Amino acid sequence: MSKENKENTVAVKIETSFKERLWVVIPVVLLVGLIATLVYNHHAEFSWNGFVAGFDTEFLIFFCIGVFAQLVDGTLGMGYGATSTSFLLAYGVPPVVSSTGVHVAEMFTTGVSAISHHKFGNINKKLVRHLLIPGVLGSVTGAYLLSDVIDGDVIKPFIAVYMIALACIIIRKAMQKNIIKKKTKRLGILASFGGFMDAVGGGGWGPIVTSTLLGRGRNPRYTIGSVNAAEFAVSFASGITFMIFGGIEGWQVIIGLILGGVIAAPIAALLVNKIKRQPMMILVGILIIILSLRTLSKLL
């Protein structure tokens, strides 16, 4: 091999290595920047006594919701928002606080999840690029409407009905057999719709995007990893939008979800190929329906 060819090979390897590192560096930088911003803007709202007092039974409940929701999302590629929002609404948390809490928490959990899926080689980078920008635009639009235009109490029953619809989609996808692989068209429209509904309803990115892609016969491992990676950008965009237009409420909810989700994310990425998807999808779907019906029964 000539000296020029060797130099070209080394240059290509360096460029590839740099691009690979960006998949880890970008989420880490954004998360560190987010933490610094939150500490700077909201440190006055906290005191040591208040911080310690916040670790009560309610915090433990939110923490457990975060762990369970992230295990579901990381292994199935769907269900974090739907599961956590259903639990929070059933527990009596208002829609805006619930959706804000879920999306701010997802800014952290999806970042850790994206890094974990990258580490275990579960990401199709081309698919992530197709989903990224349309998903972000849809999520920003939905977050703005919910935080500054739509009355959360008015849409609460509609969100519960929407969650039931998502649960039915999850169960229907689980029951499908012999899926024939088809080319997925209009990925941008799919991502925009998934991002919008996720922001407004507090969940839906996974059930809409992942289930559609899996229904088209795509490889489950790379679909789940790629949709989770794109979800980091979608959640980050909607979370920032909620902060700008609606402020942040429900710190106990947010911190509980973050700690639970961050702990569960690497475990879920490791388990993505080691669990039976069908029974778990059905179980999650049934659980969401029960929780949503409970929320509706309180409103009607």
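Since the structure is predicted, the reported quantities are computational estimates derived from the model, not experimental observations.
Here the side chains of V253 and I65 are not in contact, with every heavy-atom distance at 4.5 Å or above. L213 places a side-chain heavy atom less than 4.5 Å from the side chain of L190. Considering only heavy atoms from C-beta on, T109 comes within 4.5 Å of Y80 through its side chain. The side-chain heavy atoms of I254 and F62, taken from C-beta on, include no pair separated by under 4.5 Å. Taking the side chain as every heavy atom from C-beta outward, L259 and F59 approach each other to under 4.5 Å. Between I240 and M107, some side-chain heavy-atom pair lies under the 4.5 Å cut-off. Two residues are said to be in side-chain contact when any heavy atoms from C-beta on lie closer than 4.5 Å; Y222 and I123 fail this criterion. Counting heavy atoms from C-beta on, the side chains of V112 and H117 never come closer than 4.5 Å.
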Stepwise side-chain hydrogen bond (donor to acceptor under 3.5 Å, both in side chains) test for N228 and S113 = CA-CA 7 Å; N228 268 266; S113 183; 3.2 Å; yes

Give the C-alpha distance, both sets of side-chain angles, the deciding distance and a yes or no for side-chain contact (heavy atoms from CB on, under 4.5 Å) between L293 and I164.
-> CA-CA 8 Å; L293 287 175; I164 293 173; 3.8 Å; yes

Audit row: L88, L257, side-chain contact (heavy atoms from CB on, under 4.5 Å) steps and yes/no | CA-CA 10 Å; L88 291 172; L257 292 177; 4.1 Å; yes

Intermediate values then yes/no, side-chain contact (heavy atoms from CB on, under 4.5 Å), F193 and V209 = CA-CA 9 Å; F193 180 66; V209 179; over 6 Å; no

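We find the SG-CD1 distance between C168 and I289 to be 4.5 Å, quoted to the nearest 0.5 Å. Considering CZ of R129 and NZ of K125, their distance stands at 8.5 Å, rounded to 0.5 Å. To the nearest 0.5 Å, atom CD of residue E231 and atom CD of residue E106 are 5.0 Å apart. Rounding to the nearest 0.5 Å places OG1 of T110 at 8.0 Å from CD of Q70. Atom CG of residue L132 and atom CG of residue L137 lie 10.0 Å apart, to the nearest 0.5 angstrom.
When hydrophobic clusters are built by joining Ile, Leu, Val, Met, Phe, Trp and Tyr residues whose side-chain heavy atoms come closer than 4.5 Å, directly or via intermediates, V234 is not grouped with I189. Hydrophobic clustering, with ILVMFWY side chains joined whenever heavy atoms are under 4.5 angstrom apart, groups I61 together with V102.
Considering all non-hydrogen atoms of both residues, F232 and A114 come closest at CB-CB, 4.5 Å. Across S238 and A143, no two heavy atoms sit closer than the pair O-CB, 3.7 Å. Nearest approach of V128 to A229, heavy atoms of both residues: CG2-CB, 4.1 Å. Smallest separation of non-hydrogen atoms from G188 and P134: O-CB, 3.2 Å.
Every residue two or more places apart in sequence or in another chain was checked for a side-chain hydrogen bond (donor to acceptor under 3.5 Å, both in side chains) with S139, and none qualifies. With sequence neighbours excluded, no residue satisfies ring-ring contact (aromatic ring centres under 6.0 Å, His included) with F196.
At least one donor-acceptor pair under 3.5 Å links the side chain of T241 to the backbone N or O of A237. A donor-acceptor distance shorter than 3.5 angstrom exists from the side chain of S226 to the backbone of N124, with no hydrogens or angles considered. A donor-acceptor pair under 3.5 Å is formed between the side chain of W205 and the backbone N or O of V227.
With a 4.5 Å cut-off between side-chain heavy atoms of Ile, Leu, Val, Met, Phe, Trp and Tyr, the cluster of V136 takes in V140.
For an aromatic pair to be called close, the ring centres must be under 6.0 Å apart, and Y91 with F87 fails this.
Around atom CD1 of I133, no more than 12 heavy atoms belonging to other residues, nucleotides or ligands sit under 6.0 Å away.
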